[in-house]
Chemist: 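Below are the structure tokens for one structure; questions will follow.
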There are 2 protein chains.
Amino acid sequence: MAHQTETHAWDPELVPSAAGRTARPEPDCPVEVALAAVAGRWTTLVLRELMRGPHSFGELREGLPQISAKVLTERLHTLRERGLVEQHRLPGFPVRTRYTLTPAGRALRPLLVELYRTGSVLAGHEPRA
Amino acid sequence: MAHQTETHAWDPELVPSAAGRTARPEPDCPVEVALAAVAGRWTTLVLRELMRGPHSFGELREGLPQISAKVLTERLHTLRERGLVEQHRLPGFPVRTRYTLTPAGRALRPLLVELYRTGSVLAGHEPRA
DNA sequence: CGGAATCCTATCGGATACTG
DNA sequence: CAGTATCCGATAGGATTCCG
């Protein structure tokens, strides 16, 4: 037995590494990192569209007709800052852009699937799991 | 082939049911339901503590020394409203309370595990998955 | 001990109008 | 087409103080 002041016996499934044993919402806690990635209104819907493949700014607005240009721009900026989305400007006129998920962005897929599954369970529409 | 105006070919893994085929952040979309359950600063930490077993109000504050009474109260109220947590007042003086997860609350465990895993991947501390 | 009541600031997100 | 700029109302959440 070590000489630690053990207040907690950490559940190894829930908190498998030291990064999660925080007393506050630390930005580098894995749970916070993942939550930050999908945080904000419309974010998961933008990700859902991009999971289908590359989209232009206008195509994203077609898929999500009620999102404002401001919020969409904001979400895309944040996703790019986090390395989840890439922007490519296509040459020519009028200007065309192409937003694609990065490998890190595609890594969010299992989380989105799990969010859907858990939400279904909570709502009582349990799929079958 | 049906006579639908199919704009999307929905990914059956990502959007397995009609409830997820929304053009806006609908509150009854399963993803929104799950996000709502863990939304808000401190919420996942409160859930982490309760996953260990029942806690009193003060015990929760001991585990999370920096949370204010106001925010903790608020989180517990919201979690109770959503049917994820139950409160029991113990008789005697001074007053004692006991917060426990409901079955629905315990159903959040796989989501928390997945959040941790995804966050670890994004941060580059990939566990092994 | 276990909260409720106030107050106050920061950020979020929607609407609208304008630009390269 | 693909954004930017500005304004503005609504919450979120932290600090502090008080109550049963």
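In the text below, chain A, chain B and the rest are named by the order of the sequence lines, each starting its count at 1. Keep in mind it's a predicted model, so treat the numbers as computed, not measured.
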Chemist: In whole angstrom, give the distance that lies between atom CG of A:L90 and atom P of D:dG3.
Modeler: 11 Å
Chemist: Quick one: side chain to side chain contact (heavy atoms under 4.5 Å, CB included) partners of B:E74, sequence neighbours excluded?
Modeler: B:K70
Chemist: Output the residues of residues 73-89 of chain B in contact with DNA chain D, where contact means a heavy atom of the residue under 4.0 Å from an atom of the strand; sort by number or write none.
Modeler: B:R75
Chemist: Which residues pass the side chain to side chain contact (heavy atoms under 4.5 Å, CB included) test with B:V33, sequence neighbours left out?
Modeler: A:L122
Chemist: Just the rounded figure in Å: distance from P of D:dG13 to CG of B:L64.
Modeler: 15 Å
Chemist: Please list, for nucleotides 14-20 of chain D, all pairs of protein and nucleotide N/O atoms separated by less than 3.5 Å.
Modeler:
{"from": "D:dG14", "atom 1": "OP1", "to": "B:R41", "atom 2": "NE", "distance (Å)": "2.4"}
{"from": "D:dG14", "atom 1": "OP2", "to": "B:W42", "atom 2": "NE1", "distance (Å)": "3.2"}
{"from": "D:dG14", "atom 1": "N7", "to": "B:K70", "atom 2": "NZ", "distance (Å)": "3.4"}
{"from": "D:dG14", "atom 1": "O6", "to": "B:K70", "atom 2": "NZ", "distance (Å)": "2.4"}

Chemist: Looking at A:L47, is its backbone amide N or carbonyl O close enough to the side chain of A:R75 to form a donor-acceptor pair, meaning the two atoms are under 3.5 Å apart?
Modeler: no
Chemist: Between A:G40 and B:P94, which residue's closest nucleotide on DNA chain C lies nearer the 5′ terminus?
Modeler: B:P94
Chemist: Applying side-chain hydrogen bond (donor to acceptor under 3.5 Å, both in side chains), name anything that partners B:R48, two or more places apart in sequence or on another chain.
Modeler: none
Chemist: Distance check needed: C:dG3 P versus B:E59 CD, whole Å only.
Modeler: 12 Å
Chemist: Please list, one pair per line, the donor and acceptor atoms closer than 3.5 Å that link side chains of residues 19-32 of chain A to other protein atoms, with sequence neighbours excluded.
Modeler:
{"from": "A:R21", "atom 1": "NH1", "to": "A:V15", "atom 2": "O", "distance (Å)": "3.4"}
{"from": "A:R21", "atom 1": "NH1", "to": "A:S17", "atom 2": "O", "distance (Å)": "3.4"}
{"from": "A:T22", "atom 1": "OG1", "to": "A:R24", "atom 2": "O", "distance (Å)": "2.7"}

Chemist: Determine all donor-acceptor pairs shorter than 3.5 Å in which one atom belongs to a side chain in residues 60-68 of chain B; sequence neighbours excluded.
Modeler:
{"from": "B:R61", "atom 1": "NH2", "to": "B:I67", "atom 2": "O", "distance (Å)": "3.4"}
{"from": "B:S68", "atom 1": "OG", "to": "B:V71", "atom 2": "N", "distance (Å)": "3.2"}

Chemist: Of all residues at least two apart in sequence or in a different chain, which pass the side-chain hydrogen bond (donor to acceptor under 3.5 Å, both in side chains) check with A:H88?
Modeler: A:E86
Chemist: Check side chain to side chain contact (heavy atoms under 4.5 Å, CB included) between A:R82 and all other residues, then give those that pass, not counting sequence neighbours.
Modeler: A:A36, A:T78, A:L84
Chemist: Taking five pairs at each end, how big is the angle between the two axes of the helix from C:dC1-D:dG20 to C:dG20-D:dC1, to 10°?
Modeler: 40°
Chemist: When rounded to the nearest 0.5 angstrom, what is the spacing between OG1 in A:T100 and CZ in A:R106?
Modeler: 7.5 Å
Chemist: Taking atom C1' of C:dG3 as reference, at what distance in whole Å does atom CG of B:L60 sit?
Modeler: 13 Å
Chemist: Nearest-Å distance, CZ (A:R24) to P (D:dG13)?
Modeler: 15 Å
Chemist: Return the set of residues passing side-chain hydrogen bond (donor to acceptor under 3.5 Å, both in side chains) with A:T118 (not counting sequence neighbours), or none when no residue passes.
Modeler: A:E114
Chemist: Residues in side-chain hydrogen bond (donor to acceptor under 3.5 Å, both in side chains) with B:R98, at least two apart?
Modeler: none
Chemist: Provide, to the nearest angstrom, the distance between the CZ atom belonging to B:R98 and the P atom belonging to C:dG2.
Modeler: 12 Å
Chemist: Round to the nearest Å and state the distance from B:E32 atom CD to C:dG13 atom C1'.
Modeler: 14 Å
Chemist: I want to confirm an ordering. Mapping B:A39 and A:T97 to their closest nucleotides on DNA chain D, which one lands closer to the 5' end?
Modeler: A:T97
Chemist: When the distance from CG of B:L72 to C1' of C:dG2 is rounded to whole Å, what number comes out?
Modeler: 10 Å
